[in-house]
Novice: 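Below is the structure I would like to discuss, written out as structure tokens.
Naming convention: chains lettered A, B, ... in sequence-line order (proteins, then strands); numbering from 1 in each chain. This one's a predicted model, so the numbers in the text were calculated from it and none came from an experiment.
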Amino acid sequence: MSLRQIRRKIRAWGRRQLYSFFSSLGTLLSHRLGTLMTILVLGIAMVLPLGLYVSVKNLRAIDLEREEWGTITVFLQLGAGEEKVKTFAGRIGQERNADVVTVSPEQGMEEFSAVSGFGQAIDMFEENPLPWVLQVTPRQVENEKFEETVADLGAWLEGQDGVDLVQVDYKWLKRLAGLLELGDAFVTVLTVMFSLAVVVVIANTIRLDVASRSDEISVLNMVGAGNSFIRQPFLYSGFWYGLLGAFLALLLLNLSMFYLQRPLTQLLDAYGNTFEVMGLGGRGSLLVLLAGGVLGFLGAWLSVRRYLRQFRLEDPPRRS
Amino acid sequence: MSLRQIRRKIRAWGRRQLYSFFSSLGTLLSHRLGTLMTILVLGIAMVLPLGLYVSVKNLRAIDLEREEWGTITVFLQLGAGEEKVKTFAGRIGQERNADVVTVSPEQGMEEFSAVSGFGQAIDMFEENPLPWVLQVTPRQVENEKFEETVADLGAWLEGQDGVDLVQVDYKWLKRLAGLLELGDAFVTVLTVMFSLAVVVVIANTIRLDVASRSDEISVLNMVGAGNSFIRQPFLYSGFWYGLLGAFLALLLLNLSMFYLQRPLTQLLDAYGNTFEVMGLGGRGSLLVLLAGGVLGFLGAWLSVRRYLRQFRLEDPPRRS
Amino acid sequence: MVTFEHVSKRYSGNVNALQDVSFHLDPGEMVFLTGHSGAGKSTLLRLILMLERATRGQIVVDKRNLGKTPSRLAPRIRQRIGMIFQDHKLLSDKTVFDNVSLPLMIAGMRYPDIRKRVRAALDKVGLLSKEKSWPLMLSGGEQQRVGVARAIVGMPPLLLADEPTGNLDPELSEDLFVLFRQLNAQGVTVLVASHDLALIRAMGQRVLVLSHGRLVDDIPACDVGRLRP
Amino acid sequence: MVTFEHVSKRYSGNVNALQDVSFHLDPGEMVFLTGHSGAGKSTLLRLILMLERATRGQIVVDKRNLGKTPSRLAPRIRQRIGMIFQDHKLLSDKTVFDNVSLPLMIAGMRYPDIRKRVRAALDKVGLLSKEKSWPLMLSGGEQQRVGVARAIVGMPPLLLADEPTGNLDPELSEDLFVLFRQLNAQGVTVLVASHDLALIRAMGQRVLVLSHGRLVDDIPACDVGRLRP
Ligand SMILES: Nc1ncnc2c1ncn2[C@@H]1O[C@H](COP(=O)(O)OP(=O)(O)OP(=O)(O)O)[C@@H](O)[C@H]1O
Ligand SMILES: Nc1ncnc2c1ncn2[C@@H]1O[C@H](COP(=O)(O)OP(=O)(O)OP(=O)(O)O)[C@@H](O)[C@H]1O
Ligand SMILES: [Mg+2]
Ligand SMILES: [Mg+2]
């Protein structure tokens, strides 16, 4: 083949691509309501895994304020001096990478009388009978290793001089572990289901699209269109469906987040800290759009390939 | 019209119905893969609201062990006699419909020394300085009214003779309220989304079905078929789609529940009580199947009606 | 049976398919309709079948004024007319038998009766052996004859045929026209649009000639010899 | 250009559409193909277009042995053949212009060239005024002529026509056959399946006669007078 011929072929190929591109757009636009409905279905199918993902992401972030679950209460021996206690607390903070809150015997007594509500009892003590107490919370631990870390730290603390008793609230830890396992199981079930849903919805849409245009395909086949020429507009359609579906999903996601922001903030205020709901972010959104387009393309490809087979002639038997 | 004519007409109508019924079944069976995919999409769309419903139902049931959140601690005045305390506790149980646990000063001191870990402190008291304590938990309260009920009960208790201090753990109550509000918001968002999804999926499926058979419709129209004759097979198809989709949804739901049973049980064990995961039950399942069929029928009706319009001639202008 | 009075039909895009057409068909008459391609023959037949509404004028079919008939009654009118379409209009996902039985299914007839009638109709067009075939497995002429069978299976009092011999060889074309004459002899009113002037001349029946939407000639049976291409 | 050697085609359901058919068309020849309805004419044309494979025998088109050509090369063969289908095969959701331009789009031609060629082809069949219409808005004959325009727009070296005059009036039929002869004079090999014996006789070209799948006659141009229904 001469260079000129090759160049001509490439140009012809480009023109065919352009034709397919515009033809697919034209089809989508000429069936406006149908396109809209398909995109709606796709958007809903896609918003669910996204919503799940964002929820888990936010839950993980909430978990991080784990004073709730993972605080270890350390009772020091009676009569420890303030200086020594502060040094010890500093050492824990540095060596074991943990937040330490010290509670002096006086603070303890105040709290005790406040909680128990019998202030008059205090007067009966000539000397404060309470020890120094340290509340120790590990910092920057990954959620998965959290239980382990707390148990470790507890054991270490027990071995230190001047420590009378170490109390780890395992009840809450067990709950957390159960909750996380449950969440993981949920994520597995739902992710499998939704991935299936997205693939099936796109493949089914393109399948019905192809079926409703089977006459067109058969005519194209008869007037000499190659498989790629026939396939192309459907692949573009699939791409558009996927892209627009992903776009709608992002829209729905952000709307939902907006709607959920108030009760979420309220809930988190009750937990005593303010919290910004995290979305997908710009890069995440771009990725979702891309994934939508690619998924649509793939779904269309699967459907069309299956369908085109019926126009295929058997090939002649190969001779060796 | 004579009776015989009427009877003949009714018979003809019945035969047409039979024809439509079998024709719709035949169409579904002849496109097996397509039918399967459609049902898969519908099943997935339907399993989501169902799963949500079942989850909420089970969560509500877990909430019922609300000692966790709603217990009121009542400190009685020092020196109250055991007899009087027990009578008071019985009165609360009866009049206010609440569970009451009495803690004697001795039990209180034991607990105190156990929790605080300084047993030696006990020896210092000549007389036990702790009062009688009652732990009061309301029984059989609906979740929505729970906060209110607890506040009420607290106020009532405060007004009673011999009561020194009433402590309601509002921090947990606020969390519970926040959680419930969040759950409600979620339910609203998801329910709206999924109802939309089910309707749109069915309408879209039937729409594409109708579009891919538009030739058939136009031919039927030309050879004298009335609108109802043309519409009938599609309505039956819609019904089948909906019914089978609902069936698949129930299947998926039960599978998921089976898969989630183990981690759920584990979690609930951590909460200290055994718990049977509740499904939809026989009547609920029947209702879901029925709803699926009806929804399918409706979706088909909407789609076909819209589509048939294009074969309608304008009517002649009415003269008055 | 069919009366047109000053009927015009204008399609969107300023196409005047029919202009001021008037004629009358008596019950039991057999008439041919001819004219160049695009003259308006199919349009005329579609108006009788109520697939379109006339833009102007009055059409009376079977004593019913179509202009005043609401569209919901159109199926009832179509059920009393057998129409052979120019492009066959068969359902490709139904067998030949099911295609032909459609009008009877629509009428809600009993299945044994349907069976008898459909097989009789297929026999008349020589396709009894193909009753279980699919339309796509038939030759062009065979498809056309299935369309004929579907049109006559309901024994309608009015039979319209749009170019029914376009895909038939001369022998079959003649057979078909003979079949039309037989039906006509049994009292069916027959209106056939056709290009086959030789055959029309041989049949010796009244001929309507359309040209550019106008009825330019109405040749009585005795005078059919003057029909020229 | 086209050679059949002992070709048989058997469809599923034990239909022997073609049996032991042998003939040869030289490049630049113009040949008619006739035979009763269901004789196998369309089947023969479909075999040349590689829409079906022969059950037995050998077909050579344009020096290519179709029996040994893998199906992925079929489009390339079809692009060099213009085919007029018995049932037009137009795309109803594309305008007349777009329908006719399909073969050129597939070839990836530049748009200005496409425009020029399509309008020339439409002009040849007398439908330039309908270029923006939709196929469903055309009369049967007009649709058929759009099919003709699509077949000739790519200037293929081989032109196949399956009953191209079924929906045309005598005048247009003759015009079309004259157009075929013009193309033939420019070097295009033409094979036309038709029932119109009168017109075939008038054209005075070689005629192949099929009957029940067998090639029963091959009448040379000089002897066409003996063609009888
Ligand atoms: N739906 C439509 N919209 C616009 N124009 C139409 C429509 N249907 C037909 N026409 C035009 O009306 C004219 C008459 O069409 P008609 O089908 O009645 O012709 P005909 O006599 O049946 O021709 P043929 O013998 O080719 O079938 C034609 O020019 C055609 O293009
Ligand atoms: N796909 C198919 N499957 C089975 N039988 C078929 C198929 N296509 C055609 N036939 C049969 O093969 C025979 C020849 O068909 P073909 O279409 O070649 O006839 P033809 O000569 O074109 O007839 P016509 O003039 O009526 O168009 C017919 O009897 C037809 O029923
Ligand atoms: Mg016509
Ligand atoms: Mg044929």
Novice: Do you know which two heavy atoms are closest between D/A107 and A/A12, and how far apart they sit?
Specialist: O-CB, 3.6 Å
Novice: More than 12 heavy atoms of other residues, nucleotides or ligands under 6.0 Å from OH of D/Y11: yes or no?
Specialist: yes
Novice: What distance separates A/Y19 OH from D/L104 CG, expressed to the nearest 0.5 Å?
Specialist: 11.0 Å
Novice: Determine whether more than 12 heavy atoms belonging to other residues, nucleotides or ligands lie under 6.0 Å from atom CZ of A/F247.
Specialist: no
Novice: Applying the side chain to side chain contact (heavy atoms under 4.5 Å, CB included) test to D/K89, which of A/V219, A/D215, A/V223, A/L220 qualifies?
Specialist: A/V219
Novice: If you take all heavy atoms of D/R110 and A/R15, which pair is closest and at what distance?
Specialist: CG-NH2, 2.9 Å
Novice: Given a strict heavy-atom distance threshold of 4.5 Å, which part of D/R150 is in contact with chain A: side chain, backbone, both, or neither?
Specialist: side chain
Novice: Using a 3.5 Å distance criterion without hydrogens, assess whether the side chain of D/Q79 forms a donor-acceptor pair with backbone atoms of A/G224.
Specialist: yes
Novice: Do you know which of D/M83, D/R46, D/R76, D/M50 has the most heavy-atom pairs under 4.5 Å to chain A?
Specialist: D/M50
Novice: Need one label for D/L51: side chain, backbone, both or neither, based on atoms under 4.5 Å from any heavy atom in chain A.
Specialist: both
Novice: Which atoms of D/S92 are under 4.5 Å from chain A, going by heavy atoms: the side chain, the backbone, both sets, or neither?
Specialist: neither
Novice: To the nearest 0.5 angstrom, please state how far the CE atom of D/M105 sits from the OG atom of A/S20.
Specialist: 10.0 Å
Novice: Between A/N221 and D/R78, does a side-chain hydrogen bond (donor to acceptor under 3.5 Å, both in side chains) hold up when you go through it step by step?
Specialist: CA-CA 9 Å; A/N221 181 54; D/R78 291 179 199 139; 3.1 Å; yes
Novice: Name the member of A/R16, A/R8, A/R11 that forms the most heavy-atom pairs with chain D at distances under 4.5 Å.
Specialist: A/R16
Novice: Considering only heavy atoms, which portion of D/D98 lies under 4.5 Å from any heavy atom of chain A: side chain, backbone, both, or neither?
Specialist: neither
